[in-house]
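Can you keep this structure in mind? I'll have questions shortly.
Letters A, B, ... mirror the listed sequences (proteins, then strands); counts begin at 1. Because the structure is predicted, anything quoted here is derived from the model rather than measured.
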Number of protein chains: 4
Amino acid sequence: MIIELDLQSDTPIYTQLMNQIIEGIASGRLQPGEPLPSVRSLAADIGINLHTVNKAYTLLKQEGFIQIHRQKGVVVQPDALPGMTSDYAHRRDAQLRPIIAEAICRGMNEQQLLAVVHDLYSHITTNERKDAP
Amino acid sequence: MIIELDLQSDTPIYTQLMNQIIEGIASGRLQPGEPLPSVRSLAADIGINLHTVNKAYTLLKQEGFIQIHRQKGVVVQPDALPGMTSDYAHRRDAQLRPIIAEAICRGMNEQQLLAVVHDLYSHITTNERKDAP
Amino acid sequence: MIIELDLQSDTPIYTQLMNQIIEGIASGRLQPGEPLPSVRSLAADIGINLHTVNKAYTLLKQEGFIQIHRQKGVVVQPDALPGMTSDYAHRRDAQLRPIIAEAICRGMNEQQLLAVVHDLYSHITTNERKDAP
Amino acid sequence: MIIELDLQSDTPIYTQLMNQIIEGIASGRLQPGEPLPSVRSLAADIGINLHTVNKAYTLLKQEGFIQIHRQKGVVVQPDALPGMTSDYAHRRDAQLRPIIAEAICRGMNEQQLLAVVHDLYSHITTNERKDAP
DNA sequence: GTGGTCTAGACCACT
DNA sequence: GTGGTCTAGACCACT
């Protein structure tokens, strides 16, 4: 899987890395049980600090998206993925809320906003590369 | 308008403040041309530092949501609000993308996700208090 | 003479007022010896504070662009205008310098910059309204 | 690069700092991709507060003259510099206009004014020290 | 070590 | 009284 980072972004690198892996899982490009590169090799591949990869992996493990085995290495969660806890629902709404509010201010009506969400949803699930649409 | 901040949150206070004001505008609770409290009085009201309010106001001004008149104070943008630039569209998509990806991982299908967006959209535009839903 | 102020600009109103009057003189729309409105009437006309007009007039007088007579009121300097002191030359260069530096950074070559200055010079001296070009 | 500030000037320190850096880029003394001192070290070097440097850097970043990498520090924009947007052209003209008007009032003809601009342009691009001319 | 955020407190320009 | 600027000092996230 190709990881694309923007080192100038003000989104922390470990967050970008987490997002890329989560999107990989969402799209099916990363299958349950599929091995991920080791902390060391991934850090070397994309030219970032070991600690940064480690932080991303640790958080992904905490949230249940991956498993880290001392010997076998890192794999995409082979069992049930996290699911829709109410904690998650609150966090999701808190993230969406300001985005939707800004969209309204900028003149998007509900149809337009739903269309954008639909497009992104389709785009992710149809397994295309990030830069495709 | 009631401002609700979570000082424990890892979202910076000035960002929360910006979001609250943007949502106020989106909901119609803040009308174009309506005066906002001065930097000092708002800071005193919500018990934070004047500079933090100033930063939020300055950024909102830069993005075109409010106007700052040197001595008259601050008002909600009375002229055209920012609008849908392509810069904005990219930023919006970049914000939505990881949220949607995580929703997919957690088993939300498209209908459920659109329903969540619909609810939040309606909720904001029907001018309810934040804690209502 | 029509005064155009931008109350939202971060240029102080008194400075804008000074600039408008200086440009009026430069263009010939304001002739030497020509009377200017009183502080009171100008403030009323353009809807700003007395003190603001007063400050602009006082500074213009200090710099020699106008005369203020207790009885006769305010007139455009009927005698020699300020002239090119070395103080002025330094101030002018200090003002131009950062503008030129930014123009260079943004890719303007010398011809383009000189053309812009030429256009503005012609524009002012041909006595057109501000929004003409 | 040597930074020269006038703490007595009524031009804010952060503006002077921005101007010096922009002129450094214009002159070629600061090359694309070249690192700039950290907020803290520059503040210490020139004896001003860290926040003042931070403000200058943040604004330069917003205008696209520099990049700020979270931990690696600050570099001169290695990619394309801002360029000539119409926003910029308007701002530039608005800055030049009162300067030109005053020059006219003080008796400069167009040749003289163009000569001054030419001299400053050459002076900046020939990479001389500020106090040279 | 780097920038980001926040506080507390001060003085100033503008109106 | 308003926002703008500056200082001093602190803690934090990130790498």
Practice task
Using whole Å, report how far OH of B:Tyr57 lies from P of F:dT5.
Solution key: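 In whole Å, F:dT5 P lies 17 Å from B:Tyr57 OH.
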
Problem - Shortest non-hydrogen contact from B:Gln31 toward B:Val76 - result: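 Closest heavy-atom pair between B:Gln31 and B:Val76: O-CB, 3.3 Å.
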
Exercise for the section: Of all the heavy-atom pairs spanning D:Ser27 and D:Ile124, show the shortest one and how long it is. Expected result: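 Reported closest heavy-atom pair: CB-O, 3.1 Å.
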
Practice task
Tell me which nucleotide among E:dG3, F:dG3, F:dC6 gets nearest to the side chain of D:Ile68.
Solution key: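 Given the options E:dG3, F:dG3, F:dC6, the side chain of D:Ile68 is closest to E:dG3.
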
Practice task
Between B:Asn49 and D:Lys61, just flag the one whose closest nucleotide in DNA chain E comes earlier from the 5' side.
Solution key: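 The residue mapped nearer the 5' terminus is D:Lys61.
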
Problem - Residue whose closest nucleotide on DNA chain F lies nearer the 5' end, D:Ile13 versus B:Leu36 - result: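 Its nearest nucleotide lies further toward 5', so the answer is B:Leu36.
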
Exercise for the section: Quickly work out the B:Ile46 CD1 to E:dT7 C1' distance and round it to whole Å. Expected result: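 The distance from CD1 of B:Ile46 to C1' of E:dT7 comes to 14 Å, rounded to the nearest Å.
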
Handout entry: Protein-nucleotide distance (B:Gln16, atom CD; E:dG4, atom P), rounded to Å
Key =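 B:Gln16 atom CD is separated from E:dG4 atom P by 19 Å.
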
Practice task
Establish, with yes or no, whether the OP1 or OP2 oxygen of F:dT5 is under 4.0 angstrom from a side-chain nitrogen or oxygen of D:Lys55.
Solution key: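 So the side chain of D:Lys55 is within the cut-off, an N or O lying under 4.0 Å from OP1 or OP2 of F:dT5.
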
Practice task
In whole angstrom, give the distance that lies between atom OH of D:Tyr14 and atom C1' of F:dG3.
Solution key: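 D:Tyr14 atom OH is separated from F:dG3 atom C1' by 12 Å.
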
Exercise for the section: Can you tell me the distance, in whole Å, between the CG atom of C:Leu59 and the C1' atom of E:dC14? Expected result: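 In whole Å, E:dC14 C1' and C:Leu59 CG are 13 Å from each other.
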
Problem - D:Val74 vs B:Leu50, nearer the 5' end of DNA chain E by closest nucleotide - result: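 On the 5' side of the pair lies D:Val74.
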
Practice task
Please determine which of C:Lys61, C:Glu63, C:Gln67 meets the side-chain hydrogen bond (donor to acceptor under 3.5 Å, both in side chains) test together with C:Gln77.
Solution key: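 The passing option is C:Gln67.
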
Handout entry: Whole-Å gap separating P (F:dT5) and CE (D:Met18)
Key =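 Computing the D:Met18:CE to F:dT5:P distance gives 11 Å.
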
Practice task
Taking atom types as modelled, find out whether D:Arg40 and D:Ser38 have a side-chain donor-acceptor pair closer than 3.5 angstrom.
Solution key: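 Looking only at side-chain atoms, D:Ser38 and D:Arg40 do not form any donor-acceptor pair under 3.5 Å.
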
Exercise for the section: Check if the side chain of D:Arg40 and the base of E:dG3 share a donor-acceptor pair of N or O atoms closer than 3.5 Å. Expected result: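 Answer yes: a donor N or O sits under 3.5 Å from an acceptor.
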
Practice task
Might you work through the salt bridge (charged side-chain N to carboxylate O under 4.0 Å, His left out) test for A:Arg97 and A:Glu102, ending with a clear yes or no?
Solution key: CA-CA 9 Å; A:Arg97 195 175 189 104; A:Glu102 179 167 3; over 6 Å; no

Exercise for the section: Give one of base, sugar-phosphate or nothing for B:Ile48, where a contact means two heavy atoms less than 4.0 Å apart. Expected result: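 Sugar-phosphate, backbone atoms only, no base.
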
Exercise for the section: Take the protein atom CG of A:Leu7 and the nucleotide atom P of F:dT15, then report the distance between them rounded to whole Å. Expected result: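 For the pair A:Leu7 CG and F:dT15 P, the rounded distance is 9 Å.
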
Practice task
Find the distance C:Asp10:CG to E:dC14:C1' and express it as a whole number of Å.
Solution key: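 C:Asp10 atom CG is separated from E:dC14 atom C1' by 13 Å.
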
Handout entry: Selected nucleotide, minimal atom distance to D:His51 side chain, candidates F:dT2, E:dT5, E:dT15
Key =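 Shortest atom-to-atom distance from the side chain points to E:dT5.
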
Exercise for the section: Under a 3.5 Å limit for both distances, which nucleotide forms a Watson-Crick or G-U wobble pair with F:dC12, could you say? Expected result: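 E:dG3 is the nucleotide pairing with F:dC12.
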
Handout entry: Distance below 4.0 Å between D:Asn54 side-chain N/O and E:dG4 OP1 or OP2
Key =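 Checking D:Asn54 against E:dG4: at least one side-chain N or O falls below 4.0 Å of OP1 or OP2.
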
Practice task
Tell me whether the OP1 or OP2 atom of F:dT7 has a side-chain N or O from D:Thr52 closer than 4.0 Å.
Solution key: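 For F:dT7, OP1/OP2 do have a side-chain N/O of D:Thr52 under 4.0 Å.
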
